[in-house]
Amino acid sequence: MSNRIHLYIHVPFCSGKCAYCAFYSVPYESTLADRFLDALERELDGWPPEAKAAGCETLYIGGGTPSVLSESQWERLLSILRPVTRGGVQEWTVEANPGALRAATVKSMDVAGVNRISMGVQSFDDAILETICRRHSAADVAAALDVVRAAGISNVGLDLIAGLPGVDANGWLSTLTEAVALDPAHLSVYALGLEPGSRLYRQSRAGEVVVPHDDAVTASLNQAEAVLAGKGYRRYEISNYAKPGRECLHNLSCWRGNDYVGLGPAASSRVGLNRSTHKADLDAYCAALEAGSLPPAERECVDERTDLCERLIFGLRLEEGVAFRSRCDDAGAVGRALWERWQPGLKTLCEQGLLLQSGDCWKATRRGHEVLDSVLAQLVGSSGDDNG
Ligand SMILES: C[S@@+](CC[C@H](N)C(=O)[O-])C[C@H]1O[C@@H](n2cnc3c(N)ncnc32)[C@H](O)[C@@H]1O
Ligand code: SF4
């Protein structure tokens, strides 16, 4: 297996806060962003030389909204990353907001090796975009796509949200239709999550906004699958669709159970049995690195059973499924014992029509995907409390 790294960088700035969002970000301020870049450089400097030399196989710069950084800050970020990108990165994604993409910045991204842009669109209805506090219009999406394609980046993904308040079946169909008319390589279709800490969560609790019922959201997701399949997009993961060969390699690698490393506040890493999530606090992140310390984080070394369960569970999100038996065998005695213990659970899930088995390939059915969390709870619950 390649020792090249799957790296995620969390850029914690946005130009405002969208009503539904609970991702960690603070309002963009130039001096704060400079301080963040200094800290990020220190964090990367602290890596062992062999990790830097291995370089990145995939690199995902997310957030927040990385595209809000100024042009000179982008130049700086690209140069900070050079030690891990100079050998070439197979897939290098940057998340962008359609209202905040400058042609010159996209050109320097392209020159540095960025080859994929993921844009948060959410809806093509300007009135809905306003109610969810987005800072772009539907027309901005087409304009941003022109900028990205003119810079030479053809691998573009758009994010949509199903189940936004005020969107009926016709409105959702219009959004899907407008999205495919722009011919993106990739579409993420997320079910609206009512996240504690978001404005929408508070509005819903206060009865000021009514969010659609689960059944209506499921119907919207099924409608998306039908429309997108008709246009050549394959649903390769519960929330992700791609034209052939345009799957997001970075995310695919995480779902297939590979390790990943995260830099920046709120970023998570999974390396072997080690898990860590940096504290969602930009000031604390910068202060620690300025003092020559590691960023504050929740760090944990999990046992082999937890590690295996987590990696298998990620795999069940994928349309390609997961090779349960061989993954268990690869995990040694703990894995083989779990395999035995999971037999009744796997059999029941197949009988309930939630899982499908073909040889050693196990997949969630459509119904299984709709209730994936309870499927997984049922399975992992059957693994007992001990180490197998
Ligand atoms: C970090 S944001 C992406 C990029 C950029 N910040 C933007 O919004 O344009 C990743 C995506 O997560 C999705 N998202 C965020 N919060 C969500 C929620 N509560 N429910 C469903 N999808 C959500 C949105 O589709 C968003 O585009
Ligand atoms: S959805 Fe994107 S732009 Fe909106 S607050 Fe979240 S991270 Fe920022």
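Quick caveat: nothing in here was measured; it's all calculated off a predicted structure. Start at 1 and go down the list; that is how both ligands and their atoms are numbered.
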> For atom 6 (Fe) of ligand 2, what is the nearest protein heavy atom, given as residue, atom name and distance?
Replying inline: C21 SG, 2.3 Å
>> Below 3.5 Å, N or O to N or O, backbone or side chain included: is there any such pair between E95 and ligand 1?
In response: no
> Counting only N and O atoms by type, is there a donor-acceptor contact under 3.5 Å from the side chain of K52 to the main-chain atoms of V84?
Replying inline: no
> Quick one: nearest non-hydrogen protein atom to atom 1 (S) of ligand 2, plus distance?
Replying inline: Y20 OH, 3.3 Å
> Taking E225 as the fixed residue, which of R234, R366, K231 is the one that meets the salt bridge (Lys or Arg N to Asp or Glu O under 4.0 Å) rule?
Replying inline: R366
> Taking only heavy atoms of A191, which atoms of ligand 1 are found under 4.0 Å from at least one of them?
Replying inline: 20 (N), 21 (C)
>> Only heavy atoms of L192, strictly under 4.0 Å: list the atoms of ligand 1 that pass.
In response: 20 (N), 21 (C)
>> Tell me the contacting part of C18 for ligand 2: side chain, backbone, both, or neither, using a 4.0 Å heavy-atom threshold, strictly below.
In response: both
> What is the ring orientation for Y285 with F36, classed by angle as parallel under 30°, tilted 30 to 60°, or perpendicular over 60°?
Replying inline: tilted
> For ligand 1, which atoms have a heavy atom of G120 less than 4.0 angstrom away?
Replying inline: 7 (C), 9 (O), 27 (O)
>> Taking 2.8 Å as the cut-off, does C14 contribute an N, O or S atom near atom 6 (Fe) of ligand 2, distance below it?
In response: no
> Do the rings of Y28 and F13 sit parallel, tilted or perpendicular, given the 30° and 60° boundaries?
Replying inline: perpendicular
> Taking the six-membered ring for Trp, are H250 and Y8 parallel (under 30°), tilted (30 to 60°) or perpendicular (over 60°)?
Replying inline: tilted
>> Please work out, at 4.0 Å between heavy atoms, whether the side chain, the backbone, both, or neither of R199 comes within that distance of ligand 2.
In response: neither
